[in-house]
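Here's the structure, in structure tokens; my notes come after.
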Protein chains: 2
Amino acid sequence: MKISEARQQFISTWGAMGTHRGINRTMAQVHALLMISPDPLTQDDIMAQLNISRGNVNMNIRDLIDWGLVDRVLIPGERKEYFTAEKDIWKVATQIIKERKKRELDPMMKLMDQLSKVEGDKRDKEVKTFLDTINGIKKFGAHADDMLDVLVKSDESWFLSTALKLFK
Amino acid sequence: MKISEARQQFISTWGAMGTHRGINRTMAQVHALLMISPDPLTQDDIMAQLNISRGNVNMNIRDLIDWGLVDRVLIPGERKEYFTAEKDIWKVATQIIKERKKRELDPMMKLMDQLSKVEGDKRDKEVKTFLDTINGIKKFGAHADDMLDVLVKSDESWFLSTALKLFK
DNA sequence: ATTATTTTTCAGTAATTTTTGAAAATTCGA
DNA sequence: TCGAATTTTCAAAAATTACTGAAAAATAAT
């Protein structure tokens with residue numbers, strides 16, 4: 001397989017994967033393109049390579065920057081802005097996890113705290129089932145938090161990496 | 001907060017959360033409703049409680065069954081089918097993880113294996129960057145696999161749960 | 001201060017995804 | 001076997017989400 005074909009395939013698959021995970025196709029593709037680009041790219045480069053409009057590139061780049069996955073790069077003597085993506089996939093993953101935790105897990109847990117204060121008789125099975133579910137989610141959330149920390153740290157830890165395999 | 005309001009809130013939030021994770025709103029809502037329902041429900045119950053059409057309920061229930069999150073329940077002497085969801089959130093989480101691994105991670109890793117066979121000179125920086133990214137993802141995939149196994153097993157392991165906190 | 005370049009915004013349009021509802025198929029009891 | 005109850009399908013409609021492109025805003029050189 002030729003490099004140009006392989007790159008195209010990667011971008012397209014990474015984009016499709018994104019849609020399964022609640023990320024829009026173009027954003028994932030821009031990210032993919034930057035991950036496999038040796039040098040920073042301009043908005044025009046991205047427009048050309050992915051065949052999308054200027055506005056589209058601009059909006060998705062901004063979102064990627066908000067997610068902490070892409071950085072602006074200033075090249076001395078150049079008027080245009082350049083963009084680059086973190087290429088260490090571990091850092092990419094941990095960054096995504098941190099953001100998802102902040103944007104999704106934390107607010108969800110806050111809601112669970114509220115909902116667990118629901119009034120009503122626990123002998124009412126509707127109330128009991130509700131509380132059991134809510135409290136289960138709260139416990140899970142706390143544990144997931146621990147797991148995420150481990151994942152974030154585990155690329156630095158050979159020991160943990162090996163230890164994990166023991167539990168397989 | 002009253003139980004009816006709390007239930008409504010839970011369903012609605014679980015649905016919104018679903019959309020952030022690539023799951024359609026209604027599917028997540030049906031799942032939420034079943035998780036907090038003490039007894040199995042019929043399609044008509046779900047239609048009524050969520051105010052959605054019969055076809056919609058039917059399709060989403062089928063998807064939930066495919067994901068292994070909802071089961072058909074036969075009630076002796078009853079003509080209609082009843083549905084119920086696993087209420088142990090750990091089992092829900094591990095089931096989702098298993099499915100996502102099967103549907104997303106495994107095919108992705110297979111593709112990476114293919115792409116890592118790209119032809120070209122590694123001294124070409126375009127080729128080098130591409131291969132570095134692909135190989136990074138392969139390594140990550142293997143590690144993630146281990147992590148997922150740990151998560152799947154960790155609810156049975158007090159020891160691990162405690163050990164995880166050490167890495168915080 | 002003026003002008004050329006580049007970035008950002010956003011209303012309108014396009015594409016995609018989800019939902020409906022009625023018809024077809026299936027199931028089960030009599 | 002027939003008919004009522006129930007489930008499933010799917011074409012059309014609705015809703016949502018994403019994209020375009022041109023105008024406005026911002027930036028920086030002269």
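Values in this document were obtained by computation on a predicted structure and should not be read as measured data. To find a chain, count down the sequence lines: A is the first, B the second, and so on, and within it residues start at 1.
A salt bridge does not link Glu5(B) to Lys2(B): none of the charged side-chain nitrogens sits closer than 4.0 Å to a carboxylate oxygen.
Note that CG of Asp44(A) and OG1 of Thr42(A) are 4.5 Å apart. Values are rounded to the nearest 0.5 Å. Atoms CZ and CD1, from Phe83(A) and Ile65(A) in turn, are 5.0 Å apart once rounded to the nearest 0.5 Å. Put simply, CD1 on Ile3(B) and CD on Glu126(A) are 5.5 Å apart, with the number rounded to the nearest 0.5 Å.
Thr42(A) comes within contact range of no nucleotide atom at all, as no heavy-atom separation falls under 4.0 Å.
If you measure from atom CG of Asp63(B) to atom P of dT8(D), you get 12 Å, rounded to the nearest angstrom. As a whole-Å value, the separation of His20(B) NE2 from dT17(D) C1' is 13 Å. Put simply, CD1 on Ile23(A) is 15 Å from C1' on dT17(D), counting in whole angstrom units. Look at CG on Asn60(A): it is 13 Å from C1' on dT20(D), rounded to the nearest Å. Between the CD atom of Gln43(B) and the C1' atom of dT26(C) there is a distance of 13 Å, given to the nearest Å. The separation between Gln29(A) atom CD and dA18(D) atom C1' is 13 Å, rounded to whole Å. Between Leu74(B) atom CG and dT27(C) atom P the separation is 13 Å, expressed in whole Å. What separates CD of Glu78(B) from P of dT6(D) is a distance of 9 Å, to the nearest Å.
Both tests pass for Arg103(A) against the ring of Trp67(A): distance under 6.0 Å to the centre and angle within 45° of the axis.
Arg25(B) contributes no side-chain N or O that forms a donor-acceptor pair with the base of dT18(C) under 3.5 Å. With hydrogens and angles ignored, a donor-acceptor pair closer than 3.5 Å exists between the side chain of Arg79(A) and the base of dT5(C).
For Arg62(B), taking side-chain heavy atoms from C-beta onward, the closest of the listed nucleotides dT9(D), dA18(D), dT7(C) is dT9(D).
A donor atom on one side chain and an acceptor atom on the other are not found under 3.5 Å apart for Thr133(B) and Lys87(A).
For DNA chain D, the neighbouring residues in residues 45-59 of chain A, judged by any heavy atom under 4.0 Å, are Ile52(A), Ser53(A), Gly55(A), Asn56(A).
Arg72(B) has no side-chain polar atom (N or O) that falls below the 4.0 Å cut-off from OP1 or OP2 of dT7(D).
In terms of heavy atoms, Leu69(A) sits closest to His31(A) at CB-NE2, 4.0 Å.
If Glu81(A) and Thr19(A) are placed on DNA chain C by their nearest nucleotide, the residue sitting closer to the 5' end is Glu81(A).
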